[in-house]
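Below is one structure, written out as C-alpha cells; comments come after it.
Just so you know, these numbers come straight off a predicted model, no measurement behind them. All chains are named by letter (A, B, ...) in the order of the sequence lines, taking the proteins before the strands, and each is independently numbered beginning at 1. The basis for the numbers below is simple: all heavy atoms, side chains too, and nothing from hydrogens, waters or symmetry mates.
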Protein chains: 2
Amino acid sequence: MGKPTVHDIAKEAGVSLATVDRVLNARPGVRGKTVEKVQKAIGSLGYVRDISAANLARQRQYRFAFLLPEGQSQFLQEIRRAIAEAAVSNIADRSEMRVINVSLQDPLSMMRVQQEILEKNIDGVAIMANETPTVRDMIMRIKQAGRIVVTLVTDQPKSERDHFVGVDNVASGRTAGVLMGRFLGQREGKIAVVVNSTNERDMAERRLGFDAVIARDFPLLATLPSLEGRGEQDLPAEITRACLDRHPDVIGLYCAGAGLRSVTKVLEERSMAGRVTVVGHELTPLSREALQRGVVDVIITQNVGHLIRSAARVLRAKCDGVDIVESQEKIRIEIVIRENLI
Amino acid sequence: MGKPTVHDIAKEAGVSLATVDRVLNARPGVRGKTVEKVQKAIGSLGYVRDISAANLARQRQYRFAFLLPEGQSQFLQEIRRAIAEAAVSNIADRSEMRVINVSLQDPLSMMRVQQEILEKNIDGVAIMANETPTVRDMIMRIKQAGRIVVTLVTDQPKSERDHFVGVDNVASGRTAGVLMGRFLGQREGKIAVVVNSTNERDMAERRLGFDAVIARDFPLLATLPSLEGRGEQDLPAEITRACLDRHPDVIGLYCAGAGLRSVTKVLEERSMAGRVTVVGHELTPLSREALQRGVVDVIITQNVGHLIRSAARVLRAKCDGVDIVESQEKIRIEIVIRENLI
DNA sequence: TCATAAATGATGTGCGTACCTCAAATCAAG
DNA sequence: CTTGATTTGAGGTACGCACATCATTTATGA
C-alpha cells in the first residue's frame, strides 16, 4: 500500500471524509473527542499531507520578494543571477519570486517598498541589508502583517525575522585570519585591512574574527587600522597606495569587503602581485580570475546559488508551516584557492 | 489571468487537448507541423508545466537504490546517515530510496544485487564502488535494462553511467598539496602519504594531484612512497610508526584515504601532534574532532548531504527526462579547517 | 420529552495534469 | 475514388486534497 491518504484516515478513525477535512484544516464544528480520534489515526497511520496536492486544490500561489540594496557590486550581480535562475527552476514551483531594489539610505524608498509588500500580498520576503534601526522597524511591521521574513547574508538578530540565511561572519573572519597567518609562514610584517565601511556589521564582524586569530596565533604579524573604501570607485585604490607607501613592510592584505578589484590593481601596478598574500571574500567572476592569475591567494565565500535556493526553500517551508531540513539549509563558509576553484 | 494551462495552449494553437498532451509528453502520432504549432503556442504563452500537478496525475512512484560497499568506515556511515535523512525529506517526494550493501570482492554478491535491481523494478541506482571491470559490466547490464545509473563519489568514466556525482579527485589532491605546502611555509622536509590501497582510483588520483603540486611549487618538500593501510585495523598505525622511525625529518602527513584515526594516534603517542602538518580527506565525527583538537590541520571534503541529495535529484531528473540545474549539482571540493567547521 | 443547537455524514466540484478509449477527420497510395 | 493508415478530436477517469452544501444524526438544556 502506498502512502496513507485522507480516505485512509477516515476509515481508520471511523469518521467521514468531511470530518477528517475539518480536523486537518482546523475548521470549527468538531467535538474534542472526535478531533482526538482523527489525530490518533493520523499518528498511527503516519499520514503526511501531500502539500503539492493541497496547494493544487487550494490554488495557492506563493509570492516572494527579495529585497536587495541598490548597487552593482559583483556579489550583488551574482545574487541577482542566482535569483533569476532559481525563479525558473522547480524550487520556485507555484511561487513567484521578484526582486525589489531599495535604497537603504532613503527612508522614503523603504516606506514605499514596505507598502508594496503589504499591498501586493507578498507572502514572504528575503531581506539583504545592513543592520539599522530603520530596517529593523520595517521587518517588525512586515512581521506584524503576518508575512514571513528571512534575512539574507547579513542577519538582523534583534529583529523578529523567522530565519537567517547566511554565514557567521566572525567565523568567516577567523577563517581568513588563519589562512593569512599560515600562508605567511614564519614571516614578520604588517597586514593591511580593507573594508567597505567600519560600521557595516559584516565588515566589523569579519575584522573582529580576523584580528582575534592573528593576535592569538601569529605574534609576528600586526594588523593595520581599517582602510575604508566606502563603496566608491577610486578611493580603495588610493588609500591602498597611501597605506603601502607608509608601510613598506606590508606582507599581507585582507580585503574584508568590496574593493578587491582596486586592491589587486594597485598590487599589480607595483609588481607586488604574488609577493603579498591576499585574502578576500566572495567568489565572483572578478575574484575568480584574480585567483587564477595568482594575485589573490584565498577567497572566503558562501555559495550564492545555495544561498538563494535555501532562502526560497525556507520561505516556502515557513509559509506551509513545515519543518526545514536543518543540514540542507546550513550555509557553509567556503575556502577557495586556485586548486579547488569549481 | 493566471498561469496558462494546457487548455490555453490548446485554444491558442487551435488543436485539441489530446493533441497538446501528445506533444507535451512526446507521444507519437502527431504531424510535425502540428507539433510546431503547439510548441509555438507554448512559447508565446510562456507555458510551464505544473510539476506538482503532473506528478500528482502521474502517480509515479520512483524506486531508487544506493549501492554501497560493505564496511563501517566513518565516511560510509555518514553516507548512510545522509541517505536515511534524504529518504524522509521532501527530496524523496514520491520516491523510495533503499540502500543495498554489496561486497565488491564477491562476484556472487554482485550478481545477486544486479538481479534484485532488475526484478524489483528499481528505476535508478547510485553506485559507489571502486572502478573494476566487474562493476563496469554490472553498470552496463543495468543500463541495458533501461535503468538510470549514476556513479557516486568514485566515477566509472568508461561505463555508460548517466551522471557522476562527486568531485574531481585529482583537483582534490592538488588542493591538499597546496595547503600542505603553504602551511609548511619555507620549511624543508619529507611528507609521508598514507593511502588505503594504491590501486583504488580515488587514491591514485589524489596522490597524483598532490605530488604534482608539491613537485612544482614546493622544491624543499619531498613526498615519500605511499603507505598502504589496506583497510585493516592496525596496519596503518604500524606502517606510520615504521615510516616515522626511518624518516625523522617528516614534517607533513597526507592521509589520502582512511586511516586518519591510526595516524593521529601515532602522532599523539609520540607527542608530535601539532608539530607535523596533517592534511586528510572527508569530514567525519572523527576527523572533525581531530581538527578541533588541532591534531589535523586541514580536511578536504565533499558535503555528504549535498552528495546524496544531488544523487537523488539527478536520478529523478534523469527518470523524468528533465534537465538538471548544473550549478546545483556541482559538488564542490571543500576545505575545512578548525575555523570554518560548520 | 421535545425543541434546538451542534456535530457529523454524504456527496459533489475543481485544481492542472496524465493517460486511456473510441470515433471522426485527414492523408497517402494504389 | 477507394482503401487503409495516420492523425486528430472528444470525452472520461484519476491523482490527493480543499471547500461547499445539505441532509442526517447526536447531544444539550428547558
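Within 6.0 Å of the NZ atom in B:Lys143, the count of heavy atoms belonging to other residues, nucleotides or ligands exceeds 12.
Figure legend: cation-pi geometry between A:Arg49 and A:Tyr47 absent, as NZ or CZ is not positioned both under 6.0 Å from the six-membered ring centre and within 45° of its axis.
At C:dT8, one or more side-chain N or O atoms of A:Arg31 fall inside 4.0 Å of OP1 or OP2 (strictly under the cut-off). Taking 4.0 angstrom as the limit, A:Thr19 places a side-chain polar atom (N or O) nearer than this to OP1 or OP2 of C:dG9.
Closest approach to the B:Thr34 side chain among D:dT8, C:dG16, C:dT8 is made by D:dT8 (side chain taken as heavy atoms from C-beta onward). The side chain of A:Val6 has D:dC17 as its nearest neighbour among C:dT8, D:dC17, C:dC19. Proximity note for A:Arg27 (side chain, C-beta onward) versus D:dA18, C:dT8, D:dA10: the nearest is D:dA18. The side chain of B:Leu24 has C:dA18 as its nearest neighbour among C:dT8, C:dA18, D:dG9.
Looking at heavy-atom distances under 4.0 Å, A:His7 makes no contact with the nucleic acid at all. No engagement by B:Gly32 is indicated, since no non-hydrogen atom pair under 4.0 Å with the nucleic acid exists. Contacts of B:Asn25 with the nucleic acid, taken as non-hydrogen atoms under 4.0 Å apart, involve only primed sugar atoms and P, OP1 or OP2.
Salt bridge B:Asp123/B:Arg60: present, at least one basic N to carboxylate O contact under 4.0 Å. Ionic pairing of A:Arg81 and A:Glu78 is present here: one or more N-O contacts between side-chain nitrogen and carboxylate oxygen are shorter than 4.0 angstrom.
Donor-acceptor pairing under 3.5 Å is lacking for the side chains of B:Thr301 and B:Asn303.
Formation of a donor-acceptor pair under 3.5 Å by the B:Glu334 side chain with backbone atoms of A:Glu334 is not found in this model.
Of all the residues in residues 46-63 of chain A, A:Leu56, A:Ala57, A:Gln59 reach under 4.0 Å from DNA chain C with at least one non-hydrogen atom.
Both A:Arg94 and B:Asp21 lie near DNA chain C, and the one whose nearest nucleotide falls closer to the 5' end is A:Arg94.
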